[in-house]
Amino acid sequence: VQLQASGGGLVQPGGSLRLSCAASGSIFSVSIVAWYRQSPGKQREQVARAASDGSTNYLDSVKGRFTISRDNAKNTVDLRMNGLKPEDTAVYYCYGRINRADYWGQGTQVTVSS
């Protein structure tokens with residue numbers, strides 16, 4: 001199983017980006033999908049999480065600005081980010097609990113700067 005992330009880039013404060021992550025391989029079950037981020041000198045933190053029952057959780061600082069969505073048929077998970085702030089600058093990683101194992105995608109850089 002592999003996770004492929006895409007969609008990062010440079011955006012001005014207040015702008016929007018959409019990150020996408022696709023899982024490929026022999027996938028029998030996907031229980032949890034999530035996006036994490038890591039800034040230089042900081043620990044990796046969970047930004048948003050979507051469980052198989054449809055429930056979602058968000059980091060307090062992104063509530064109301066970010067939306068996680070998953071497509072179980074396509075094995076994809078998106079993170080729509082609106083109202084981006086400089087403090088959102090980080091490398092973003094997608095995560096999946098697939099076939100009862102943990103998988104990580106490669107990071108994608110998000111830079112919010114004027």
Query raised in the report: Got more than 12 heavy atoms from elsewhere within 6.0 Å of CD, Gln106?
Result: yes

Query raised in the report: Would Met81 and Val47 count as a side-chain contact (heavy atoms from CB on, under 4.5 Å) if you check the C-alpha gap in whole Å, the side-chain angles of each, and the deciding distance to 0.1 Å?
Result: CA-CA 11 Å; Met81 306 183 292; Val47 176; over 6 Å; no

Query raised in the report: Is the count of non-hydrogen atoms from other residues, nucleotides or ligands lying under 6.0 Å from Gln43 atom CD greater than 12?
Result: no

Requested in this report: Answer yes or no: is there a donor N or O on one side and an acceptor on the other, between the side chain of Arg70 and the main chain of Ala51, under 3.5 Å?
Outcome: yes

Query - Val30-Leu3 co-clustered via ILVMFWY side chain contacts under 4.5 Å - result: yes

Query - Donor-acceptor contact present, side-chain Tyr58 to main-chain Ile68, <3.5 Å - result: yes

Query raised in the report: Can you tell if the side chain of Arg37 reaches within under 4.5 Å of the side chain of Val62, non-hydrogen atoms only?
Result: yes

Query - Sidechain-backbone polar pair: Thr76 side chain, Ala22 backbone, donor-acceptor under 3.5 Å - result: no

Report task. Would you please classify the geometry between the Phe66 ring and the Tyr92 ring as parallel, tilted or perpendicular, with 30° and 60° separating the classes? Result -> tilted

Query raised in the report: With a 3.5 Å cut-off and no angle check, do the side chains of Gln4 and Ser6 form a donor-acceptor pair?
Result: no

**Report entry** From OH (Tyr95) to CD1 (Ile32), nearest 0.5 Å
**Finding:** 5.5 Å

Query raised in the report: Should Asp60 and Lys63 count as an ion pair when the cut-off is N to O under 4.0 Å?
Result: yes

Query raised in the report: Side chain of Asp53, backbone of Ser55: donor and acceptor closer than 3.5 Å?
Result: yes

